[in-house]
There are 2 protein chains.
Amino acid sequence: MKASFKAKANIALIKYWGKTNRELNLPAVGSISITLDSLWSDTEVVFDESLERDFLYINGEDFSNPIDRIKSCLDLIRKEAKVDFFAKIISKNNFPTASGLASSASGLAAIVLAASKALNLELSPRKLSIIARHGSGSAARSIYSGFVEMFVGKNSDGSDSFAKQIAPASHWPLEVVIAVTDTKKKEIGSRAAMELSALTSPFYNEWIKSSVSDLAIARDAIMNKDFESLSSITQSNCIKMHSVIMTSNPPVLYWNQATLACIKMIMDLQKSGVPVFFTVDAGPQVKAICKPESTVMISDLLKKIPGVKKMIISTIDNSLV
Amino acid sequence: MKASFKAKANIALIKYWGKTNRELNLPAVGSISITLDSLWSDTEVVFDESLERDFLYINGEDFSNPIDRIKSCLDLIRKEAKVDFFAKIISKNNFPTASGLASSASGLAAIVLAASKALNLELSPRKLSIIARHGSGSAARSIYSGFVEMFVGKNSDGSDSFAKQIAPASHWPLEVVIAVTDTKKKEIGSRAAMELSALTSPFYNEWIKSSVSDLAIARDAIMNKDFESLSSITQSNCIKMHSVIMTSNPPVLYWNQATLACIKMIMDLQKSGVPVFFTVDAGPQVKAICKPESTVMISDLLKKIPGVKKMIISTIDNSLV
């Protein structure tokens, strides 16, 4: 009983930050992302009667302890398949792990997709998205390609808290230039930082409240291919999220000097008419979203910034649902 | 009818950001500052019947047009003295102008102090503070030395919106290390950025609300010489203000790469037990407030950071009221 799956990372244009239920991993806000073609987790899941617990290896390193987030996904899949075998998961990321490049999104999505394939389950994307959400909120989005929206839902059991594709990649072929400014594992993970924000940032409630209109604006901008509107709302939503994180107590500063330099360069390019905007997830990497004609120029400029260690260029993924 | 005065700049530990009345320049929040010994504006004011309008020269450069903020202070002083002569103001700053180093605080305070001296007025510090406030909110604090609090007041005419000294410099001889990371005039001035924040930042109302408890915590920390408490509230208040500024639309980013590098270094020093904390005004300069035994070491470390152009070291001023 084994199978492999290659799932893609995604980056949120309208960010997921905050939970309403820790156990079910229910998000406090909806989010909108694009799934990236170039960043993936290639994962093999082997269910085996002889195993005494679940194992996880990422790029050859043992990540089995703790494995709670993954176990909750595997348990849901085992329940669907009515089996109780443990699993060995061998995953490979083609990009740095746990440094704000959405490795948990692609990683968890790949596990859920491979595990359900290994057990011959024929689950709907919606069901897969719900299962992936239990492991990582952003993984619920990586079940899909193209432009994806994650819904908060209303049900207390999380049954309507899932993602779905709102437009395929072909709808609007934007590209993404990622400036990797630090490949180290971040000092504080998203999960812990989210909890700290909710407990201590004076701006947390306003962040949650304002997300509803941000989502509506971004959704409309994507539907209408309104680049300027998507630029503006993506950037303001990103800065809002980082402001909530920075105003936590103690403060969390995910940005480094190169992060700030990249942001400033992208804002300067915008002013001179280049179709590009930035977003930064819970980490120091800068993602420049642009029209294809500007990709190479933007990458060439960003990679010259001191502190930028590596560039990754990606189209929007169209391989999945 | 001429006189000179040397007034000192101040840096706010609890920040002034936002107005409730543009004409009277009434602040939306109270603030607490320390007046600095090393940064000053030395200003001569000459009232002269033969002048046809007011003139202002700063470091030899003509700043006469527009001069509204200064004119409103001069008008109040002329009214007190019952004269209607115009004035020529010759001011010299010993530090960069309009780059987030409080040149408007020391500059306006010096004008008010010199002008009232030139006209032989015997105004109380409170009256002088109110007059200075009409020109610049932070100038109301630079009328005093030591630790200074600015009150919001309740009266709609601004008659109880003034500053006063809450402790002299001798109460707690802290020192300040300023890392100057950019000497250019900032792209958007405080006044315009404040208005933009009030109109567009989703966090502006929460900023105003939370300032009341920040002031109380800082006031107590100063009275009790509680370094740790003052560190924590000063830093969080600073990050909050910059978050409000950054989440304005369009976003305003006063920080540059060196700003962020200095902040991170100061946070690292804190973690290793060095008694120091940071604040950043509406500009890119970083102010490290510390106990005197660490001043030299902190200055030596900060000046090595790429992008730091100049270091200024200051004690708290004790020359004025």
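Values below: every heavy atom of this structure, side chains too, minus hydrogens, waters and symmetry copies. The chains referred to below are lettered A, B, ... by the order of the sequence lines, with proteins before strands, and numbering in each begins at 1.
- Residue-environment remark: CD (B/E293) exceeds the threshold of 12 foreign heavy atoms within 6.0 Å.
- The choice from A/A261, A/S236, A/S232 that makes the most heavy-atom pairs within less than 4.5 Å of chain B is A/A261.
- For the atom pair A/F203 CZ and B/N205 CG, the distance stands at 10.5 Å (nearest 0.5 Å).
- Looking at B/T247, both its backbone and its side chain come within 4.5 Å of chain A, counting heavy atoms on both sides.
- Ranking A/K240, A/M267, A/K209, A/H242 against chain B, the residue ahead of the rest is A/K240, based on heavy-atom pairs under 4.5 Å.
- When all heavy atoms of A/P202 and B/E206 are compared, the closest pair comes out as O-CG, 2.9 Å.
- With respect to chain A, the highest number of heavy-atom pairs below 4.5 Å among B/N249, B/N256, B/N237 belongs to B/N256.
- Only the side chain of B/K264 comes within less than 4.5 Å of a heavy atom of chain A; its backbone N, CA, C and O stay farther away.
- Within a 6.0 Å radius of CD in A/E195, more than 12 heavy atoms belonging to other residues, nucleotides or ligands are found.
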